[in-house]
Q: 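Before we start, here is the structure in question, set down as structure tokens.
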Amino acid sequence: MTYKLKLTNSLTRKKELFKPLNSNKITMYSCGPTVYDNPHVGNARTLVVFDTLYRLLKMIYGKVIYVRNITDVDDKIIEISKKNKKNIQEITETVTKIFHKDCASLNCEMPTIEPKATDHIEGMVAMTKSLIEKNFAYENKGHVFFSITKFKNYGKLSNKNLDELKSGARIEVSELKKNPMDFVLWKPSSENDPGWNSPWGRGRPGWHLECSVMSEKYLGKNFDIHGGGLDLIFPHHENEIAQSCCNNSLDYFANYWIHNGFVTINKEKMSKSVGNIITISNAVKKYSGQVVRLALLSAHYSQPLDWNDELLENQKATIDKWYSLYEETESKNILDDSESLLDDLNTPGFIAKIHELFNKASKGDQKSKILFNNACRLLGLFNINKNQWENFKKLNTNISKKFILKMIDERFKAKKNKNFDLADKIREELLNKGIVIEDLKDKTVWKFK
Ligand code: AMP
Ligand code: ZN
């Protein structure tokens, strides 16, 4: 039996039946992080939504090629490097490591391919050259711009005409552009900024280019699904479409565009510029990866999701309750019981179904218990066993930050009094509780083991 998956396509703004180009190999691209600062819970939503879609697609079709890029060349990275006087590579590598750790703590599977922008500069230069040759782009003083009026469908994804786009967006004004809406494909780099040689001098690519180049390289000129957060529709995705369609003389780039809504705090978008972010690692430390994951899936992906303690406490109670029926089960295709997920990845509907299965299972229905466990796993839950969950809870409730700081203070006093035995004992006691301490030059810091 074939399963019918429906998805809301941002291109048409309609819920559509998903028809893959090749049902033996689904192709999906999702825009990954710009690695300049610790990822936050808003970024986590994109990760978890597309990870859940990836799991569902694999269950339906078997083989899925999922590409998620790493943006490691960007003006924000350059800015931070100057501000903190840190080497760019050091920043991008450190943040990438944190990002991978965050993905693992949220139980997001690694994508099939995770290309880095800086490994694909050659492809970006080639695409820019080709767009100039085909008369879709022009050079001016070391800059190359894409001429948006050359693409008849510009604005189709964001459903706006050029005037609306112009007034609604922050456009980089430059007298070098023929049209203020034209966007950068390539720009010059000063001596101290990262740069690569190109026919237009030493420079670096504009942000949009990398996704066009990398998606084509790994998925082809036309592929199934392209995703990201709502804020990427314009200009990022609109520009990706313009570049790729013009360069390949195609009307289509990705067939289905999926966008997740924002995580908000007090109804305001969580973002670094607003300064209201909660990092993934802090949220996970406080509530566990599974609780954060379930919270992120508790609203439909297309809707906003307000982040607050009440939401998290509710999800924690749910996960805790569900662990009472945790069981190691053989993984099993449960699509017959996943109507809600097949209907536009309706995770709140699926969570309601899991509650139903839980209720039946708790009355002793063994079939429901197996289904319940498999349903949790399809959502990416139950990645740690019951013992590990109980341990996490113990650690989480038994040990408060205040207690840790008090112990660190006592150890400091012991060391000052040359009572090193006591100091070691305190270190060990904390370690037994899962807390690692480290002495820096002028202070002692701690982290979870
Ligand atoms: P960035 O690292 O800022 O390029 O963002 C990486 C991904 O996270 C993109 O797909 C963004 O659309 C998404 N994103 C950023 N902030 C939020 C938010 N508050 N809620 C949901 N998604 C977000
Ligand atoms: Zn992108």
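Counting starts at 1 for both ligands and their atoms, following the listed order. For the numbers below, each heavy atom of this structure counts, side chains included, while hydrogens, waters and symmetry mates do not.
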Q: Any idea which atoms of ligand 1 are less than 4.0 Å away from a heavy-atom of Gly261?
A: 21 (C)
Q: Less than 4.5 Å apart, any side-chain heavy atom of Phe151 and any of Phe136?
A: no
Q: Looking only at protein heavy atoms, which one is nearest to atom 10 (O) of ligand 1, and what is the separation?
A: Gly229 N, 3.0 Å
Q: Calculate, to the nearest 0.5 Å, the distance between atoms OG1 and CZ belonging to Thr329 and Phe372 respectively.
A: 10.0 Å
Q: Which protein non-hydrogen atom lies closest to atom 4 (O) of ligand 1, naming both residue and atom, and how far is it?
A: Thr34 OG1, 3.4 Å
Q: Numbering the atoms of ligand 1 from 1, which are under 4.0 Å from a heavy atom of Asn260?
A: 21 (C), 22 (N)
Q: Do Asp344 and Tyr301 have a side chain donor and acceptor closer than 3.5 Å?
A: yes
Q: Under 4.0 Å between a side-chain nitrogen and a carboxylate oxygen: does that hold for Asp251 and Lys156?
A: no
Q: Given side chains that start at C-beta, do those of Ser324 and Phe358 come closer than 4.5 Å, heavy atoms only?
A: yes
Q: Hey, what's the ring geometry for Tyr138 with Phe145, parallel, tilted or perpendicular (30° and 60° as the breaks)?
A: tilted
Q: Check the pair Phe350 / His300 against ring pair (Phe, Tyr, Trp, His ring centres under 6.0 Å), numbers first and verdict last.
A: CA-CA 10 Å; Phe350 193 63; His300 189 261; over 10 Å; no
Q: I need the nearest protein heavy-atom contact for atom 11 (C) of ligand 1: residue, atom name and distance, please.
A: Asp231 OD1, 3.5 Å
Q: Check each heavy atom of Asn43 against ligand 1 and say whether those closer than 4.0 Å belong to the side chain, the backbone, both or neither.
A: both
Q: Polar-atom distance check: Leu230 versus ligand 1, any N or O pair below 3.5 Å?
A: no
Q: Of all the non-hydrogen atoms in the protein, which one sits nearest to atom 16 (N) of ligand 1, and at what distance?
A: His40 CE1, 3.5 Å
Q: Just the protein N/O/S atoms under 2.8 Å from the Zn ion (ligand 2), please, no waters.
A: Cys31 SG, Cys211 SG, His236 NE2, Glu240 OE2
Q: Any side-chain heavy atom of His40 within less than 4.5 Å of one from Ile278?
A: no
Q: If we only count heavy atoms from C-beta on, is the Trp322 to Leu381 side-chain gap below 4.5 Å?
A: yes
Q: Could you say whether the N/O atoms of Val263 and ligand 1 ever approach to under 3.5 Å?
A: yes
Q: Assign the ring pair Tyr256 / Phe18 to parallel, tilted or perpendicular, where the plane angle (0 to 90°) is split at 30° and 60°.
A: perpendicular
Q: Less than 3.5 Å between some nitrogen or oxygen of Arg45 and one of ligand 1, yes or no?
A: no
Q: Decide yes or no for Trp389 and Ile319: does some side-chain heavy atom of the first lie under 4.5 Å from some side-chain heavy atom of the second?
A: yes
Q: For ligand 1, which atoms, with element, lie under 4.0 Å from some heavy atom of Lys269?
A: 16 (N), 19 (N)
Q: Is Pro39 close enough to touch ligand 1? Criterion: a residue heavy atom under 4.0 Å from a ligand atom.
A: no
Q: Report yes if the side chains of Ser10 and Ile258 come closer than 4.5 Å at any heavy-atom pair, otherwise no.
A: no
Q: If only side-chain N and O atoms count, and only distance matters, is there a donor-acceptor pair under 3.5 Å linking Tyr36 with Asp72?
A: no
Q: Any heavy-atom pair between the side chains of Leu7 and Ile225 that's under 4.5 Å?
A: yes
Q: I want to know if ligand 1 touches Lys76 in the polar sense, i.e. an N/O pair below 3.5 angstrom.
A: no
Q: Say whether Gly42, considering both its backbone and side-chain N or O atoms, lies within less than 3.5 Å of an N or O atom on ligand 1.
A: yes
Q: May I ask you to identify, for Thr71, whether its side chain, its backbone, both or neither come under 4.0 Å of ligand 1 on a heavy-atom basis?
A: neither
Q: Check if Pro33 has a non-hydrogen atom at a distance under 4.0 Å from any atom of ligand 1.
A: yes
Q: Given side chains that start at C-beta, do those of Trp200 and Val125 come closer than 4.5 Å, heavy atoms only?
A: yes
Q: Before signing off on this row, confirm whether Phe262 and ligand 1 have an N or O atom pair separated by under 3.5 Å.
A: no
Q: Among all protein heavy atoms, pick out the one at the shortest distance from atom 19 (N) of ligand 1; state its residue, atom name and that distance to 0.1 Å.
A: Met270 O, 2.8 Å
Q: For ligand 1, indicate whether the residue Leu232 contacts it via side chain, backbone, both or neither (heavy-atom separation under 4.0 Å).
A: side chain
Q: Tell me whether the rings of Trp257 and Phe253 are parallel (<30°), tilted (30 to 60°) or perpendicular (>60°).
A: tilted
Q: Among all protein heavy atoms in this structure, tell me which lies nearest to atom 13 (C) of ligand 1, with the distance rounded to 0.1 Å.
A: Thr46 OG1, 3.3 Å
